Structures are given as structure tokens and as C-alpha cells.
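First the structure, in the form of C-alpha cells, and then the observations on it.
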Number of protein chains: 2
Amino acid sequence: MADVARLAGVSAMTVSRALKGKGAVTPQTQERILRAVSDLGYVLDKSAGALSSKKTGFVSVLIPSLNNSTFSETVQGITEALDTEAMQVLIGTTGYSRAREEAVIETMLQRRPEGIIVTGGTHTPRGRTMLEQAGIPVIETWDLPAAPIDHVVGFSNAATIEDLMARLMFRGYRRIAFIEGEHGEDTRGHDRRAGYERAVEALGLERACVIEVGRPPITIEQGGGAVVRLMDTWPEVEAVICVSDLSAFGAIMECHRRGWAVPERLAIAGFGDFEIARHTWPSITTVSVGSRGLGRQAGTLMLEAVAAMRGGTPLAPRRINIPHTVIERDSTASLPRPAVAGRVA
Amino acid sequence: MADVARLAGVSAMTVSRALKGKGAVTPQTQERILRAVSDLGYVLDKSAGALSSKKTGFVSVLIPSLNNSTFSETVQGITEALDTEAMQVLIGTTGYSRAREEAVIETMLQRRPEGIIVTGGTHTPRGRTMLEQAGIPVIETWDLPAAPIDHVVGFSNAATIEDLMARLMFRGYRRIAFIEGEHGEDTRGHDRRAGYERAVEALGLERACVIEVGRPPITIEQGGGAVVRLMDTWPEVEAVICVSDLSAFGAIMECHRRGWAVPERLAIAGFGDFEIARHTWPSITTVSVGSRGLGRQAGTLMLEAVAAMRGGTPLAPRRINIPHTVIERDSTASLPRPAVAGRVA
DNA sequence: CCGTCAATTGTTATCGATACCATCGGACAG
DNA sequence: CTGTCCGATGGTATCGATAACAATTGACGG
């Protein structure tokens, strides 16, 4: 920067001001500086700037996996909201493991983000402590923790599945099973299963049948394997809810291969409203939480929280409950039922 | 850090050394310092460290979109390779736009990454200049540019489709069409189309029929729309190659809906070997470039290049050509043909 | 023509860690 | 017992920008 200043015949401070664009510099000076910058191919060093201004200009986002389209949609939503204010997003993946999450939190905090958005409300004790003591806004998403760390933008995974169950029952299904990954650290998947079991009880359904297959996140292939095991275990089954649209997709494809008509022989529903759910044949009944919108809301809230923090007054904890929608499609359309507005082709 | 030093009764310098673990500190001192660190809940500030040591400890990766599973696999591969050496990955998305890529390059360079991995070999002039002058290792991936900036880890998009065409022809298909996005900035999609056209000529096929639909990246839905237009435009068509597996998937689902048997009425192939390609019914013939392995190789090369750069001698430009594989599956299996080892169920 | 004020620019200290070199204390050979 | 050397630790300068304050300039009213 000193070189630029010399070439433009001004002081480094003026160069700094010119590059921030905040006016306060004569148009001619501005132009002279910008020319010097481009002549020298100079690029501002923001990390040095961050050190002195104590504003790093980025926010960390922790998600379980990049390969899950709903999480990447959430990240996109967050990015959209933050880009407008020139806040950068630093992504970290935890691989559905709390231990890894703890490690990633530490790495992230070493870079001094101005805020951090995590997926889920369950963390290791040390991870939680680090988040609490970081002195920056924290947003937990994709869940509604009972004792949140700071802000929350989420929904109840259990409630989404309860609603879906109610809808299936309303459509006439009585023998409904559930497919998920083995008990592990995927607390969101676990919550959905809890919702399933509560619904079976509440609705007085015949019996709960849960097929567990592989460790989360379960793949398309495992969804296919699970449906075979299900038909073997409980031949009278009429419908099944899969823990995600991806596994529901795998189940449907396996049914095609085996000649089991969907939904006539077996109705299949998923979770998440992935892009493929809408276009699979038959299209997949699912629960949408609007992952991208969720991300956008989290991003907007983060902007507000960061601004408040810069201003010296931390924002009081917010709790935003994202509404979910059961989207009925062709994969659960077999039994006689009234016409419904909510059905999407 | 000064607080920690005081509590442990040593100097800041010793704390710094203890935290880097590089020996050179008495075990007792080490332990005393670590206890002080955890008592105070102190977290190292790496950006300050980066300023003085000139080692930021991260690498930037630019991809067109997070929502494309092949790119996120590449990122995973890169992350796997770099994590081992405690290098962090900073992801930026360019939305298939060169102008946006230029902006993202600038933002990234402001954080002084120790290396940068970009997707494709085509950039704006300024973007290219910035990359050349950044003084750090650059890796271009997913392409084989004729005049690379520095290192290359990629493959020829045109060649992959030429090979796929040859295989389809060998299987007896003669009237083969191509579905892609409108001419835009997706140079990799464009290269694939060029490969298609060259193959039509070289193989002496009947005629080239290209359906263009929407701006890249084309969606599942657009794949479905395109196949309808194709059947309308060229009813004699026997097979079609889609620019990606996602659009191929959309095309297949649309065929199911309309009662066009795949592959009997229309054979369909894709590109990229996405997870869904293997599990769709019928499974989708595609070209695999091993996106994750590509990422891993790029990551490994980057480690080597960064190490060389730290040592003072930049690594001489490497050019790694990733082999591709045509994977024949059920979606192109109709015509009589010999048994083939390469076929995957 | 002078004083006041606002706009613009410059100077200095500082952010938090690490590189580099100096220092100190003890082990060991002669 | 003494000189040498090595391992552990401390002191100081520095990385590249920006905050905070100081200084300069010119405009304008009286």
C-alpha cells in the first residue's frame, strides 16, 4: 500500500480511504489513486485490515455435508442475504459428527468470524462453550432447541413428520412404516423418527415399523435396500415415510425394478422437498421447509445481529420458527380421497 | 495471548511456541500453558498470526455452483487432501458467470490465500491477470486449457463426449441428438457440444440435432422439456446425449410420463456420473471423470505447490490429465450388442 | 482582510501474533 | 574447575492495514 501511496503522491491513509469508497477523498485524488492501484496490480490485504479494524467481514456457516442439496440451498440463501452487505461466507462441513463439529468450530473461531451459523441444536459440551464464549452472534438452524445458545432459525423436525403422518392417515393409509439411518448422531433424523412414533400413538395406528439402514446420511441405494427389507418384514405395509427425499427416491426406483406399483402397492413419502422429488415419476410427496428461504432468513438475521454487535449492543436472542408445508404428490395418491388444493403436480 | 502468558508465568513468545506444538518447549511449561489457555477459554487468532508469518493457511476454491453434486464432490476431494496438512478451504461460487468469477477472484485474493483452484480455463482478461500476478500457485480444473495460467488438473470435455458417441454408435445407434443449455458462459457444456458435433462428422452419422433449452446449468425440468421438443423436432431420433446427468434424469422421467420406453423408443445418456445416475430406473449411461478423485489430485498437487512456494522455489507448472470412463448402463441398452465388461448394473 | 468552519489529508499508535536474535542456565568434556 | 555448546525462553521489531487525532487548506460571512 505504501508503494501505491508513493506513486499517487499521497499518504497510505488516503489510499485506504479511497479504496473504501466512503467519499472523504477528492475525485481527482481518488482517480489518481485508483490508477496507481491498477498500474501496480495492487490488491488490498483485508486480513491486515481486519486486524486493525477488528472487523473481519465474514461469517462462518457449519453444515453436515455439502452433498446434500437442501443444506447447500440453505448456504445459498445465507450467501444471498450476506452478499448484499459484502459479508463473506466461510463454509465448514462436519460430516454429521459432533466431534468433528467441535474441531471445525475451533478452527473457525481462530479466524475470528463476526458471526457463526450452525446446523442443529446439539453440540459437544466444549463446542457449546466455545460458541457461547466467542462473543459473537450464533444462529442455530434446522432445529428448535429447547435451550438455544443465542438465536434460532428453525423448525421442529418431529412436528413435520407428525403432520405428514396425519395427512397420510387422512388419505386412508393405516399401516405406515418409517425408514431411517441407524441411531447415530443425526439428531434431526432422530427427531423425525420420534415424530413418527408419536403420531402412530396419537393417531391410534396399527403398529410402528422402523427400518434402520446404514449410518446417516443414508444414500439412494440404502433407501432401495430398506424398502426391500420393509416388504419382507411387514408385507401388509401400505405406506412408508423415508427420512429424506433421497432415500425415498431410492425406494421408488427399487419398487419400479421389482414391479411394485407406487403408490398402488406401496405409497412412499420423503422429507426435504429436494429438486428430484418434484420430477421423479411418480412425483414424491414430501415436507418442504423452504431451505433456501430458511437460509435467507438466517442470513438477514445475522446481518442485523452483526450490525448490532458492531454498534456495541448485542441483539437480544431471536427465535424464528420456519413454517413447513406438506406437499402431496403422486407417490401417495392411490387411495380414494377428496380433491385437495395443496396437491402439486 | 498476553493474558495467557501472564497466567502461565511465561512470555507471549513461549505461548505461541507451545500452541504450535513444534516441541521446543519443556513438557511442564507446555502443560502449564495449555491449562492457562483452557482456563481462560483463549482461542488463537490465526489472522494475526498470518500477518506476521505470511502464511494464511488456506486455499481458495472457485466453483460454478454448490448445487451441482459433481462440483461439491470435487470440493470434498480437495478438502480431504488438504485437511491432512491443516490447510483450510475457502469456497466461492461464480454462478457460471465469468464476470462474477472476476469479482470472486478479487475478493478471494484480498484474503491472501496460499493457492487458488478455479473451475475451467476461460476467464475475463482481468481475472486472468489477477491470477497470474497473485504470486501463488493456481490450478485450473475440469478442463484442459491450451494456454494454462499455471497448473492444470482436468480433462477434455469434448473428448469425453466423442468417446460416448463412439460407444453409442458401436451399439448400433445412428440418429443421435444432443441436449444442452443455451449458448452462454458454460464453456464446459459448450466443449461437450463441440465434441458431439465433431463425432457426428467423424463417424459419418446422419445429422446433428441440438436442442438448446434455458441458460446453464439446465435443470431436471428443462431436461424433461427438451426431450419433448426433441421428439417433436426429429421423430426418427434413436438416442440422445444430455449435457449432464441431471437433465438426462429429467428426460427419462418425462419419457416415463409420456409412455416412451427408455431405451427401446429412445436411448438416453448423460454426463458426470452423479449418484442418481446409478440408481435411476433405468440406470443412466454416462461418462465418469471421478470428480472426487479429481479434487483429491488437485488438492495433493496444491499441497506440493504451496510447500514449494514456502520453500522459495515455485513448482514448475504441471498438467495432469484425468482419465474418463464411459459407463454403459440400462438407459442405452436396447439394441442388440455383444456383452461388455465395462457395463455397470 | 480576518476568523471560523468544513473538507481533505497526514501522522502516529495499534491490532495480535511470529521471526529473529539475544540471553540464560545447566550438562558435559577436558 | 572451567569453557563450550545446546536447549529453553525472553525481548524487540515487524507484518499491512485502520482508528484516532492533528494539521492544512480554502470558502465564506462579517
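Below, chains carry the letters A, B, ... as their sequence lines are ordered, and counting in each starts from 1. Just so we're clear, the structure is a prediction, and the values are computed from it rather than from any experiment.
Closest contact between the side chain of A:Ala48 and the listed nucleotides D:dG16, C:dA17, D:dA8 involves D:dG16. Nearest to the side chain of B:Leu51, among D:dT9, C:dA17, C:dG16, sits C:dG16. Closest contact between the side chain of B:Ser52 and the listed nucleotides D:dA20, D:dC15, C:dT9 involves D:dC15. The side chain of B:Arg112 lies closest to D:dA17 when the candidates are C:dT11, C:dT9, D:dA17. Closest contact between the side chain of A:Tyr42 and the listed nucleotides C:dG16, D:dA17, C:dC20 involves D:dA17. For B:Met1, the listed nucleotide lying nearest its side chain is C:dA17; candidates were D:dG16, C:dA17, D:dT9.
By the ring pair (Phe, Tyr, Trp, His ring centres under 6.0 Å) test, B:Phe58 is found to be paired with no residue, residues two or more places apart in sequence or in another chain being considered.
Under 4.0 angstrom from either OP1 or OP2 of C:dA17 there lies no side-chain N or O belonging to B:Lys54. Between A:Ser47 and D:dG16 there is no side-chain polar atom (N or O) within less than 4.0 angstrom of OP1 or OP2.
Scanning atom types as modelled, one donor and one acceptor separated by under 3.5 angstrom connect the side chain of A:Arg17 and the base of C:dG10.
Salt-bridge annotation for B:Asp3 and B:Arg6: present, with a side-chain N of the basic residue lying under 4.0 Å from a carboxylate O of the acidic one.
In this structure, A:Thr29 reaches the sugar-phosphate backbone alone: every heavy-atom distance under 4.0 Å involves primed, P, OP1 or OP2 atoms, never a base. Residue contacts shown for A:Ser11 include a base, since a base heavy atom lies under 4.0 Å away. Within 4.0 Å of A:Val10, counting heavy atoms only, lie sugar-phosphate atoms of the nucleic acid but no base atom.
Without hydrogens or angle criteria, B:Glu140 side chain to B:Ile149 main chain gives a donor-acceptor distance under 3.5 Å. In terms of modelled atom types and a separation under 3.5 Å, the side chain of B:Thr26 and the main chain of B:Gln28 share no donor-acceptor contact.
Atoms CG (B:Leu109) and P (D:dA17) sit 14 Å apart, rounded to a whole Å. Atom C1' of nucleotide C:dA17 and atom CZ of A:Arg111 are separated by 13 Å, given to the nearest angstrom.
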